[in-house]
Amino acid sequence: MTSKIYNKPPLTLEQQAELLLNLVVDALGHIEIAVRSQLAYQMAITYGSRWYEDPTLCHSERLFSENLTELKKHWQRSREVFKQHYESEYDTAVSPPAWMIFETTTFGTVSKIFSNLNNNIAAKTKIATYFGFNKSSIKVLTSWFQHLNLVRNICAHYSRPNLSINMHHYNST
């Protein structure tokens with residue numbers, strides 16, 4: 001069997017960086033969807049479809065209030081078709097269900113909401129288990145979510161051809 005020889009030039013550093021960036025962004029997109037889905041699903045099963053409005057589920061009432069404000073701000077800015085349908089068909093005095101409102105917010109907000117949930121909530125343990133963690137390692141998972149959000153933001157906002165300059169810029173701010 002003969003091997004095929006390709007006469008393609010090697011990738012430049014910029015091309016390699018762009019390829020790596022695209023792979024990371026793609027993988028993070030799948031993780032983000034899984035986190036968002038598990039959080040909305042597991043919490044809604046136990047605490048109802050509008051659980052995100054219950055401050056008793058959280059460590060900090062201040063963070064709860066900030067996160068809820070952020071969540072609602074993202075909902076208001078959204079132009080999603082499902083949001084328009086919700087607002088035309090349902091009573092808008094009632095907040096949308098978690099699985100809907102969480103689709104309009106950022107991974108950062110999702111991560112902060114997860115972080116602020118009390119660790120003794122069984123649904124939080126189920127989310128951790130889904131991702132291969134146990135109850136005693138929920139803090140590690142929370143840290144992973146926060147760091148993955150940071151990596152996602154670096155990729156989204158500093159994805160210029162000269163990655164080394166951007167990393168220097170990011171570290172100096």
Side-chain angles (χ1 to χ4, degrees), residues 19-83 85-87 89-90 92 94-159 167 170-171:
L19 181 61
L20 177 61
L21 183 76
N22 289 335
L23 289 170
V24 170
V25 167
D26 183 56
L28 288 173
H30 292 287
I31 294 168
E32 180 177 346
I33 290 168
V35 172
R36 181 185 311 272
S37 300
Q38 281 298 305
L39 180 61
Y41 173 72
Q42 295 295 348
M43 292 297 291
I45 285 175
T46 306
Y47 300 102
S49 64
R50 290 166 184 84
W51 61 266
Y52 60 89
E53 295 182 311
D54 184 353
T56 65
L57 299 173
C58 298
H59 297 295
S60 164
E61 204 166 307
R62 180 186 59 81
L63 291 175
F64 165 80
S65 179
E66 289 173 8
N67 291 336
L68 185 59
T69 298
E70 192 74 11
L71 196 60
K72 289 184 176 188
K73 180 179 84 175
H74 291 147
W75 173 258
Q76 291 304 318
R77 280 194 320 210
S78 174
R79 293 190 174 129
E80 295 284 352
V81 173
F82 63 83
K83 179 195 176 230
H85 173 77
Y86 178 82
E87 291 178 336
E89 298 294 322
Y90 297 95
T92 56
V94 177
S95 297
W99 54 85
M100 196 176 279
I101 198 167
F102 274 66
E103 285 298 316
T104 64
T105 197
T106 65
F107 185 50
T109 301
V110 170
S111 172
K112 287 187 249 179
I113 289 170
F114 180 82
S115 176
N116 193 37
L117 290 174
N118 292 320
N119 286 339
N120 62 349
I121 293 175
K124 192 170 184 179
T125 303
K126 286 182 181 179
I127 295 165
T129 302
Y130 179 86
F131 290 102
F133 291 79
N134 58 35
K135 186 174 183 165
S136 64
S137 61
I138 286 176
K139 285 184 181 182
V140 174
L141 179 61
T142 300
S143 175
W144 271 93
F145 288 164
Q146 292 165 345
H147 284 87
L148 289 171
N149 181 61
L150 176 63
V151 170
R152 182 238 168 262
N153 288 343
I154 290 170
C155 290
H157 301 291
Y158 294 94
S159 58
M167 292 305 290
Y170 183 78
N171 289 331

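For the single chain, residues carry numbers from 1 onward in sequence order. Scope of the values below: all heavy atoms of this structure, side chains included, with no hydrogens, waters or symmetry mates. These numbers come from a predicted model, not from an experiment.
Looking at Lys83 and Met100, their side chains never come closer than 4.5 Å, going by heavy atoms from C-beta outward.
Scored by the side-chain hydrogen bond (donor to acceptor under 3.5 Å, both in side chains) test, Ser65 finds no partners at all (sequence neighbours excluded). Residues that satisfy the side-chain hydrogen bond (donor to acceptor under 3.5 Å, both in side chains) test with Glu80, not counting sequence neighbours, are absent from this structure. In this structure, the side-chain hydrogen bond (donor to acceptor under 3.5 Å, both in side chains) partners of Gln38, at least two apart in sequence or on a different chain, are Gln42. Scored by the salt bridge (charged side-chain N to carboxylate O under 4.0 Å, His left out) test, Lys72 finds Glu53 as partners (sequence neighbours excluded). Residues passing the salt bridge (charged side-chain N to carboxylate O under 4.0 Å, His left out) test with Lys73 are Glu70, sequence neighbours excluded. Partners of Arg62 under the salt bridge (charged side-chain N to carboxylate O under 4.0 Å, His left out) rule, at least two apart in sequence or in another chain, are Glu66.
In the displayed structure, His59 atom NE2 is contacted under 6.0 Å by more than 12 heavy atoms of other residues, nucleotides or ligands. Sparse packing is recorded around NZ of Lys126, with 12 or fewer heavy atoms of other residues, nucleotides or ligands lying under 6.0 Å away. The 12-atom threshold is exceeded at CD of Glu87, counting heavy atoms of other residues, nucleotides or ligands nearer than 6.0 Å. The number of heavy atoms from other shown groups lying within 6.0 Å of OH (Tyr41) does not exceed 12. By the 6.0 Å contact criterion, CZ on Arg77 is enclosed, its count of non-hydrogen atoms from other residues, nucleotides or ligands being greater than 12.
Of the candidates Leu68, Asn67, Thr105, Ile113 forms a side chain to side chain contact (heavy atoms under 4.5 Å, CB included) with just one, namely Asn67.
Separation of the Phe145 and Phe131 ring centroids falls under the 6.0 Å cut-off. Ring centroid separation for the pair Trp99 and Tyr86 does not come in under the 6.0 Å cut-off.
Looking only at atom types and distance, the side chain of Lys124 has no donor-acceptor partner in the side chain of Asn118 under 3.5 Å away.
Under the 30°/60° scheme for interplanar angles, the aromatic rings of Tyr90 and His85 are found to stand perpendicular.
Scanning all heavy atoms of the two residues, the minimum distance from Tyr47 to Leu57 falls at CE2-CD2, 3.5 Å.
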